[in-house]
Structures are given as C-alpha cells and as structure tokens.
Amino acid sequence: MQISARGDYAVRAALSLASAYPSLMSAQAIAQQQDMPRKFLEAVLADLRRAGIVRAQRGAEGGYTLASPPREVSVGMILRAVDGPLAGVRGLRPEETQYDGAAENLPRLWVAVRAAVRDVVDEVSLAELVSGRMPAHVRKLTTRPDAWQPR
C-alpha cells in the first residue's frame with residue numbers, strides 16, 4: 001500500500017486535532033506543529049471538512065476541530081476522505097477486476113489485500129494512535145522480525 005503525501009498530512013493533521021480535542025487549532029498552528037506547508041494543509045483540511053471529519057470555525061478565534069471524538073475517527077476514514085478507496089487495481093475496486101486463464105483467481109488476492117489493510121486502518125482510532133495504545137493485533141504486526149525491514 002502506498003500512502004500519499006496528502007494521506008500522510010491528513011492523518012498527521014487529524015492527530016494534532018485529536019490531541020487538542022475539543023479545542024480549536026488554526027491551520028498555521030497545525031502546519032508548524034507538523035512541519036508541513038500551510039497551503040497544502042488547508043486543501044487537506046478542506047477535504048476532511050467536506051467528509052465531515054473536521055469542523056471549521058471562522059473568525060479571530062476560529063480554527064479547526066474534529067467533528068467527532070477522537071475515539072470515533074479511524075485512520076481509514078481519514079485516508080478515504082483525502083485519497084478515495086484504500087485499494088485499487090488500475091483504477092478499479094478489487095471486486096471489479098476480472099481475469100482469464102492463469103490469473104482468474106487474482107481478484108481474490110486483491111480483495112484479501114484490501115481486507116488486510118482495512119484490518120489495520122479501520123481498527124485504529126485517532127485516540128489509540130495518540131495514546132500509543134493500538135489494538136493488540138496491530139501491535140503484534142509491528143513485532144514481527146521483518147516488519148521494520150524494507151523489501
């Protein structure tokens with residue numbers, strides 16, 4: 001799975017908002033805290049607002065906040081809001097793929113890949129990520145001997 005810069009920035013911004021919840025944070029404060037370009041961040045925050053994940057308040061005391069408590073917002077929700085579906089195969093959803101011959105069973109693998117990604121990103125909330133207390137099955141994945149090794 002490839003995490004885009006947009007997805008990375010969105011999750012990092014949401015984590016800043018989660019740690020400040022329910023207080024408001026300005027885009028400038030988030031950008032400084034996360035060391036990211038403010039203009040790009042504002043576009044990402046607009047996507048999150050359109051998806052109903054964040055709320056914006058205008059004015060001198062304005063800023064952004066999560067629309068729901070951090071425990072109710074998953075990483076998967078954020079990634080979908082800014083990048084669309086979690087898994088795609090040449091622009092198609094895995095269940096929409098179809099192959100002949102030796103590759104006829106490949107759609108099952110693509111669906112399994114999407115399910116595996118969901119098992120992580122849809123099961124970790126912002127609150128869990130901020131606290132470092134992620135679900136056991138996610139923590140276990142990080143302890144595999146080769147988990148931190150590039151391939």
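Note that these values count all heavy atoms, side chains included, but never hydrogens, waters or copies made by symmetry.
With rounding to the nearest 0.5 Å, the separation of CG in L17 from CD in Q33 is 9.0 Å.
For N105, the CG atom sits in a packed shell: over 12 heavy atoms of surrounding residues, nucleotides or ligands are nearer than 6.0 Å. Counting heavy atoms of neighbouring residues, nucleotides and ligands inside a 6.0 Å radius, atom CZ of R80 exceeds 12 of them.
With hydrogens and angles left out, the side-chain atoms of Q34 and S16 include a donor and acceptor closer than 3.5 Å.
At distances below 3.5 Å, not a single donor-acceptor pair connects side-chain atoms of Q32 with backbone N or O atoms of A29. Under a 3.5 Å cut-off, the side chain of W110 and the backbone N or O of E95 do not form any donor-acceptor pair. Listed for the R139 side chain is a donor-acceptor partner under 3.5 Å among the backbone atoms of M134. Side chain of H137 to main chain of D119: a donor-acceptor pair is present (N/O by atom type, distance under 3.5 Å, no hydrogens or angles).
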task = Decide side-chain contact (heavy atoms from CB on, under 4.5 Å) for E123 and E128; before the verdict, give the C-alpha distance in whole Å, the side-chain angles of both, and the deciding distance to 0.1 Å.
result = CA-CA 10 Å; E123 300 300 321; E128 291 167 323; over 6 Å; no

query = Between T65 and Y21, is a side-chain contact (heavy atoms from CB on, under 4.5 Å) present by the stated rule, with each step listed?
reply = CA-CA 7 Å; T65 188; Y21 185 82; 3.8 Å; yes

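Contact annotation: the side chain of R49 never approaches that of R55 to less than 4.5 Å [non-hydrogen atoms, C-beta and beyond]. Looking only at side-chain heavy atoms (C-beta outward), R6 and D83 come within less than 4.5 Å of each other.
Note: the hydrophobic cluster containing L79 does not contain V111 (ILVMFWY, side chain heavy atoms under 4.5 Å, direct or indirect links).
For the side chain to side chain contact (heavy atoms under 4.5 Å, CB included) criterion with I53, the lone passing option out of V82, L126, V73, D47 is V73.
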